[in-house]
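Please read the structure below before turning to the comments.
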There are 2 protein chains.
Amino acid sequence: MAFDEEQKILDDFVREKGLKHSGQRKDILLTFLKTEKHLSADELYALVKKKNPAIGIATVYRTLKLLCESGLSSELRLGSGAVRYEHFYGHEHHDHLVCVKCGEFIEVVDPEIEKLQERLAAKEDFSLQGHKLLMYGICRKCKG
Amino acid sequence: MAFDEEQKILDDFVREKGLKHSGQRKDILLTFLKTEKHLSADELYALVKKKNPAIGIATVYRTLKLLCESGLSSELRLGSGAVRYEHFYGHEHHDHLVCVKCGEFIEVVDPEIEKLQERLAAKEDFSLQGHKLLMYGICRKCKG
DNA sequence: TCAATTATGATAGTGATTATCATATTCAAC
DNA sequence: GTTGAATATGATAATCACTATCATAATTGA
Ligand SMILES: [Mn+2]
Ligand SMILES: [Mn+2]
Ligand SMILES: [Zn+2]
Ligand SMILES: [Zn+2]
């Protein structure tokens, strides 16, 4: 069975919090991990239902919250509309170029930008904990 | 009467779009301009009502949309919760340090970061139109 | 096996925003 | 100035993405 590491992370998190195990959470986790996309709760719900049609949307929301808390997933908020979730564990930090035409995400990192953010925060005597950088524009494909 | 430039921008925008003028929009604009804060629609509504108690929240939302379209205001989305609006016309582009404790915004710019974003986008053959950089952490005051 | 505790699914409720609609205003043409 | 077609407004219903509630089911340590 794949995704052993990720499953262990969730199991440990659940145990540590005094929670109990459930098949639904496992189904949701595995479905989430199988897709490398930036999914909304609704989109993930649709996918999980193929494997387990009895599942409820509330459980998907509850599980996504656990995945974020345990470090397996992280939120992505663009404009209005639903929050999207992406893999976090085992993925390097990255920022996103978002195509305003087709909605495509391009994942990017620039170590220099990361460093300059630290410098910028330090100048304000601000303890930087994290950041979200979204860059909007037109992707290569959409430029034609 | 102050804010002549801004009023002209809205007037021109309204005329160009074939819309009509209204006192409510003027009240909302002037109230928005008088406050240098990052306001939500509800907060602005509360302020405008002091000057014009008959005004409706729907008109505040409609006007904020016009202000953004005409380049007088721009949206700021942090986490969940209401969208916030800040002055755009006559203000240099800037990004924000957001204190996760007190909610304070610190406005910052780093020309090098701006430039590196362009380089990053160019590398992906992506036409950059804009960006939103939010940096989260603890501000000087909250560190004590 | 048992009992305490947590998980689940259905669904009601919420908060922010948007749509609808009857009425009021604006404004160009007379 | 009056008119009338078009837009604006305020009240409020509707929507969207969640979040809370609750009765029932599953988990788990004793
Ligand atoms: Mn990503
Ligand atoms: Mn600002
Ligand atoms: Zn594209
Ligand atoms: Zn602070």
Side-chain angles (χ1 to χ4, degrees), chain A residues 7 10-32 38-70 73-85, chain B residues 7 10-32 38-70 73-85:
Chain A
Q7 284 193 253
L10 183 57
D11 282 359
D12 289 353
F13 183 80
V14 159
R15 195 167 304 115
E16 211 159 284
K17 278 237 169 184
L19 306 178
K20 295 176 179 180
H21 294 274
S22 87
Q24 288 92 329
R25 286 209 280 242
K26 189 172 169 183
D27 290 343
I28 293 167
L29 172 61
L30 293 178
T31 304
F32 172 71
H38 300 79
L39 292 172
S40 68
D42 251 343
E43 289 164 356
L44 179 56
Y45 175 54
L47 291 175
V48 177
K49 272 209 291 197
K50 290 184 192 168
K51 174 185 292 191
N52 180 348
I55 216 147
I57 180 74
T59 298
V60 172
Y61 277 107
R62 286 188 284 238
T63 301
L64 280 169
K65 201 173 176 190
L66 290 182
L67 298 190
C68 288
E69 288 169 6
S70 63
S73 177
S74 85
E75 291 187 348
L76 207 56
R77 290 167 192 271
L78 342 117
S80 52
V83 172
R84 295 186 166 276
Y85 296 86
Chain B
Q7 286 193 252
L10 184 58
D11 281 359
D12 290 353
F13 183 80
V14 159
R15 194 168 305 114
E16 211 157 285
K17 279 236 168 183
L19 307 179
K20 296 178 176 179
H21 294 273
S22 86
Q24 288 93 326
R25 286 210 278 242
K26 188 172 169 183
D27 290 342
I28 293 167
L29 172 62
L30 292 178
T31 305
F32 172 71
H38 300 79
L39 292 173
S40 67
D42 249 344
E43 289 164 356
L44 179 56
Y45 175 54
L47 291 174
V48 177
K49 272 209 292 197
K50 291 181 189 169
K51 174 186 290 189
N52 180 349
I55 215 148
I57 181 74
T59 299
V60 173
Y61 276 106
R62 288 187 282 237
T63 302
L64 280 170
K65 201 173 176 191
L66 290 182
L67 298 190
C68 288
E69 288 170 7
S70 64
S73 177
S74 85
E75 292 187 348
L76 206 55
R77 291 168 192 269
L78 341 116
S80 51
V83 172
R84 294 187 166 277
Y85 297 85

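Please read these numbers as outputs of a predicted model, since none were measured by experiment. Just so we're on the same page: letters track the sequence lines, and every chain starts at 1.
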Protein-nucleotide distance ([X], atom [atom1]; [N], atom [atom2]), rounded to Å:
X	N	atom1	atom2	answer
B/Lys65	C/dT18	NZ	C1'	8 Å
A/Lys17	C/dA7	NZ	P	11 Å
B/Lys26	D/dA8	NZ	C1'	17 Å
A/His21	D/dA25	NE2	P	23 Å
B/Arg62	C/dA19	CZ	P	11 Å
A/Leu66	D/dT19	CG	P	13 Å
B/Glu43	C/dA16	CD	C1'	13 Å
B/Asp27	D/dA8	CG	C1'	14 Å

State which of [options] makes the closest approach to the side chain of [X].
X	options	value
B/Tyr61	C/dT18, C/dA7, D/dG10	C/dT18
A/Lys20	C/dG9, D/dG10, D/dT28	D/dT28
A/Leu19	D/dT9, C/dT6, C/dT8	C/dT6
A/Ala82	D/dT9, D/dA17, C/dA7	D/dA17

Check DNA chain D against residues 46-55 of chain B and give the residues with a non-hydrogen atom under 4.0 Å, in numerical order.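 Within this stretch, B/Ala54, B/Ile55 sit under 4.0 Å of the strand.
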For B/Val60 and A/Val83, find the nucleotide of DNA chain D closest to each by heavy atoms; which residue's nucleotide sits nearer the 5' end?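 First, find each residue's nearest nucleotide; the 5'-ward one identifies B/Val60.
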Any [X] side-chain heavy atom under 4.5 Å of [Y] side chain:
X	Y	value
B/Lys26	B/Leu29	no
B/Lys51	B/Leu30	yes
A/Val14	A/His21	yes

Check every strand shown and say whether A/Gly18 touches a base, only sugar-phosphate, or nothing at a heavy-atom separation below 4.0 Å.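 The residue A/Gly18 makes sugar-phosphate contact but no base contact.
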Please give me the minimum heavy-atom distance between B/Leu19 and B/Arg25, naming the atom from each residue.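 Closest heavy-atom pair between B/Leu19 and B/Arg25: CB-NH2, 4.1 Å.
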Where do B/Tyr85 and B/Ser73 come nearest, in terms of heavy atoms and distance?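 Scanning both residues, the minimum pair turns out to be CB-OG, 3.6 Å.
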Below 4.0 Å: OP1/OP2 of C/dG9 and any side-chain N or O of A/Gln24: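 A/Gln24 to C/dG9 OP1/OP2: side-chain N or O found under 4.0 Å.
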Does C/dA7 have OP1 or OP2 sitting under 4.0 Å from an N or O in the side chain of A/Arg25? yes
For B/Ala58 and B/Gly81, take the nucleotide of DNA chain C holding the closest heavy atom to each; which residue's nucleotide lies nearer the 5' end?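 Nearest-nucleotide comparison on DNA chain C picks B/Gly81.
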More 5' along DNA chain C: A/Ile57 or B/Ser22, using each one's nearest nucleotide?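 That would be A/Ile57.
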Step by step, work out the side chain to side chain contact (heavy atoms under 4.5 Å, CB included) result for A/Leu66 and A/Glu69. CA-CA 5 Å; A/Leu66 290 182; A/Glu69 288 169 6; 3.9 Å; yes
Can you pull out every salt bridge (charged side-chain N to carboxylate O under 4.0 Å, His left out) where at least one residue sits in residues 38-49 of chain B? Sequence neighbours excluded, please. B/Glu43-B/Arg84
Donor-acceptor pair, distance only, cut-off 3.5 Å: does the side chain of B/Ser70 make one with the backbone of B/Leu67?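 Yes; judged by distance alone, with no hydrogens or angles, the pair exists.
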